[in-house]
Amino acid sequence: MKKMTIAVVSSTLLAAAAWAAHGLAQEPPAAGAANVPQPLALSTGAQAQLIEQGRYLATAADCIACHTAKGGKPYAGGVGIASPIGTIYSPNITPDKATGIGGYSFEAFDRAVRRGIAKDGSTLYPAMPFVSYAKMPPSDVKALYAYLMQDVAPVEQQNKATDIPWPLSMRWPLRFWRMAFAPDVVSDVAPGAADGVVARGRYLVEGPAHCGTCHTPRGLGLQEKALTDDSRLFLSGGVVDGYLAKNLRGDRKDGLGEWTPEQIVAFLRSGRNAHAAAFGGMAEVVGRSTQNMSDADLAAIAAYLKTLSPAHADGSALAADPAATQKLRAGTDRSNGALTFVDNCAACHRTSGSGYESTFPTLALGSVVNSDDPTSLIHIVLEGGRMPWTKAAPAQFGMPGFAERLTDRDIADVLTFVRSSWGNRAPAVSASEVAKVRKAVRAAPQPTRPENG
Ligand code: HEC
Ligand code: HEC
Ligand code: HEC
């Protein structure tokens, strides 16, 4: 099951329920003639071009990620997305008339994708990232529509109802969430090359590529706290699926301040670079989506990300410090953290912490290691990871999971050691934080040793 925190909580639902009248809570169904799919009137060449544009946008927007079940047919839906109130299953968006979106007019499709309103007028759960797709102009949505309706094979597969219990399963309060948090849809054309790379990058990041869905922190209503770079909270880091989708802003310690645009492009294209390797949800994003984006678009994303100011006030960079390496090599650091590191990690990440570029990522001065929130670090040590397979780097180096080998105390100690060695500067990790992540990601229980009683 794909676990994703979605933007709805019972408090919002109850608050809305307290004052809402049912009649207010539903949009009218997509109307009359507009409800019948109509071929867009275009020449064959223009039509083929539109479909290609749509295929590319569907890749950039990663529609397939949420709408294709493991082992299922492309776009036939059925992916379970966990939310605090129950599981939501993504629907079939193949052009099948009976069970998919074959009966959707362009207007009905557009309303679903950009405004989160289903064909019958009810509101979609914001597990569908319509708040980002609202930034796509109608011309791009037309291309998506042409691609899905004409190039994707229809699959007959009934949609699965949510597991959300009544009364939370009532959809009408979602309309109030939408009214409070969804932005207006845009009406102009998408920025292209002529508008400059930064404008193009902003469009891709805020719109189709929906980077903020994971990388922006969420508020009490589980809404993204910012949808544009007007706020420093935008892309300042969010937790998704038990990983920290980290700060992508200009911070030198835990953001992308030390990454060159070329290094950002290399990461998005190959899933690795001199600073890091993609893991968790990002490995899937790179594998399915960004590696297939054009060089120009990846360069635009990188140029845009480099314009983002730091999220935090502490602007200083990290400075390398050889003390930890020297002590490990001399065998003079007898702390549990250092010994656990030597026994379990140094074979790949080396006593210098610097690993081997593009093979075993560096733990020295890396922005993941130096993020305040240690969720990603605990998670990857518990469960291990595997780099994405990419055309640019067709080798998937992996890291084993240590859930069954190391206790919560060992993992806390080794990560505290890593976060304070080689020049790293991040808070200590406690055994209770490890225990919490172990439980949340359903990793194996810690091994029993005499010292844990
Ligand atoms: C992060 C996951 C996610 C991504 C990415 C995503 N969707 Fe969805 N989508 C969903 C979920 C979940 C629903 C159902 C929500 C509900 O039941 O309220 C949905 C609903 C829809 C619907 C409404 C279908 C209906 O039966 O009314 C359409 C159309 C749709 N998505 C198209 C797209 C397209 C096109 C893309 C890419 C541009 C896309 N989705 C990307 C999760 C996603
Ligand atoms: C489905 C959730 C998701 C989406 C969507 C997503 N990311 Fe990520 N991203 C993550 C997670 C989780 C991590 C942390 C794991 C890692 O560092 O590889 C991450 C890490 C990264 C990193 C590594 C940063 C570092 O310092 O090591 C970069 C760069 C990045 N994402 C860029 C992007 C961009 C650009 C987009 C939009 C095109 C994007 N991400 C969309 C989940 C996501
Ligand atoms: C067999 C080699 C190997 C061993 C042993 C190993 N790792 Fe890793 N480590 C990797 C690889 C490969 C990755 C990249 C995984 C991915 O991208 O999914 C990685 C990624 C990481 C990351 C994320 C780094 C980043 O910025 O992207 C951290 C943190 C980490 N390892 C810590 C540890 C710790 C702590 C230990 C010991 C308890 C350890 N590793 C043992 C190979 C190893």
Query - Sequence-distant partners of V414, side chain to side chain contact (heavy atoms under 4.5 Å, CB included), two or more places apart - result: T340, F341, C345
Report task. May I ask you to check whether S421 and N424 show a side-chain donor-acceptor distance below 3.5 Å? Result -> no
Query raised in the report: So, F279 versus Y243, ring centres under 6.0 angstrom or not?
Result: yes
**Report entry** Minimum heavy-atom distance R419-D372, with the two atoms named
**Finding:** NH2-O, 2.9 Å
Query raised in the report: In chain order, what residues pass the ring pair (Phe, Tyr, Trp, His ring centres under 6.0 Å) check against F130, with sequence neighbours excluded?
Result: none
Query raised in the report: Stepwise, does the side chain to side chain contact (heavy atoms under 4.5 Å, CB included) test hold for E52 with R55?
Result: CA-CA 5 Å; E52 276 320 301; R55 184 196 319 280; 2.8 Å; yes
Requested in this report: Kindly write out the residues that satisfy side chain to side chain contact (heavy atoms under 4.5 Å, CB included) with S294, not counting sequence neighbours, or none if the list is empty.
Outcome: Y56, A296, D297
Query - Sequence-distant partners of D295, salt bridge (charged side-chain N to carboxylate O under 4.0 Å, His left out), two or more places apart - result: R269
Query raised in the report: Are any side-chain N or O atoms of S289 and backbone N or O atoms of V286, one a donor and one an acceptor, separated by less than 3.5 Å?
Result: no
Query raised in the report: Between the side chains of H275 and Q263, is a donor N or O closer than 3.5 angstrom to an acceptor N or O?
Result: yes
Query raised in the report: What about the rings of F267 and W259, do their centers lie closer together than 6.0 Å?
Result: yes
Requested in this report: Begin with the C-alpha distance, continue with both residues' side-chain angles, and end with the deciding distance and a verdict on side chain to side chain contact (heavy atoms under 4.5 Å, CB included) for M128 and S90.
Outcome: CA-CA 8 Å; M128 162 74 185; S90 64; over 6 Å; no
Query raised in the report: Parallel, tilted or perpendicular: which describes the rings of F109 and F106, with under 30° parallel and over 60° perpendicular?
Result: tilted
Query raised in the report: Are there more than 12 heavy atoms of other residues, nucleotides or ligands under 6.0 Å from atom CG of D188?
Result: yes
Query raised in the report: In terms of side-chain geometry, is the basic nitrogen of D314 or R425 positioned less than 4.0 Å from the acidic oxygen of its partner?
Result: yes
Report task. Taking atom types as modelled, find out whether D96 and T99 have a side-chain donor-acceptor pair closer than 3.5 angstrom. Result -> yes
Report summary line: Sequence neighbours excluded, the answer for side chain to side chain contact (heavy atoms under 4.5 Å, CB included) partners of D251 is N247, R249, D254, P310, A311, H312
Report task. Could you walk me through whether K246 and S367 pass side chain to side chain donor-acceptor pair (under 3.5 Å), step by step? Result -> CA-CA 9 Å; K246 52 177 299 299; S367 65; 3.2 Å; yes
Report summary line: Sequence neighbours excluded, the answer for side chain to side chain contact (heavy atoms under 4.5 Å, CB included) partners of D195 is P191, A199
Query raised in the report: Would one find more than 12 heavy atoms of other residues, nucleotides or ligands at under 6.0 Å from atom CD of Q396?
Result: yes
Query raised in the report: Between the side chains of T59 and N292, does any donor sit under 3.5 Å from an acceptor?
Result: no
Query raised in the report: Do K436 and E433 sit within salt-bridge range, that is, some charged N less than 4.0 Å from a carboxylate O?
Result: no
Report task. Cation-pi check, R350 to F360: give yes when NZ or CZ is under 6.0 Å from the six-membered ring centre and within 45° of the ring axis, no otherwise. Result -> no
Query raised in the report: Which atom pair, heavy atoms only, marks the closest approach of E206 to T228?
Result: OE2-CA, 3.4 Å
Query - Close side-chain approach of D140 and Y203, heavy atoms under 4.5 Å - result: yes
Requested in this report: Say whether S371 and D373, considering side chains only, have a donor N or O and an acceptor N or O under 3.5 Å apart.
Outcome: no
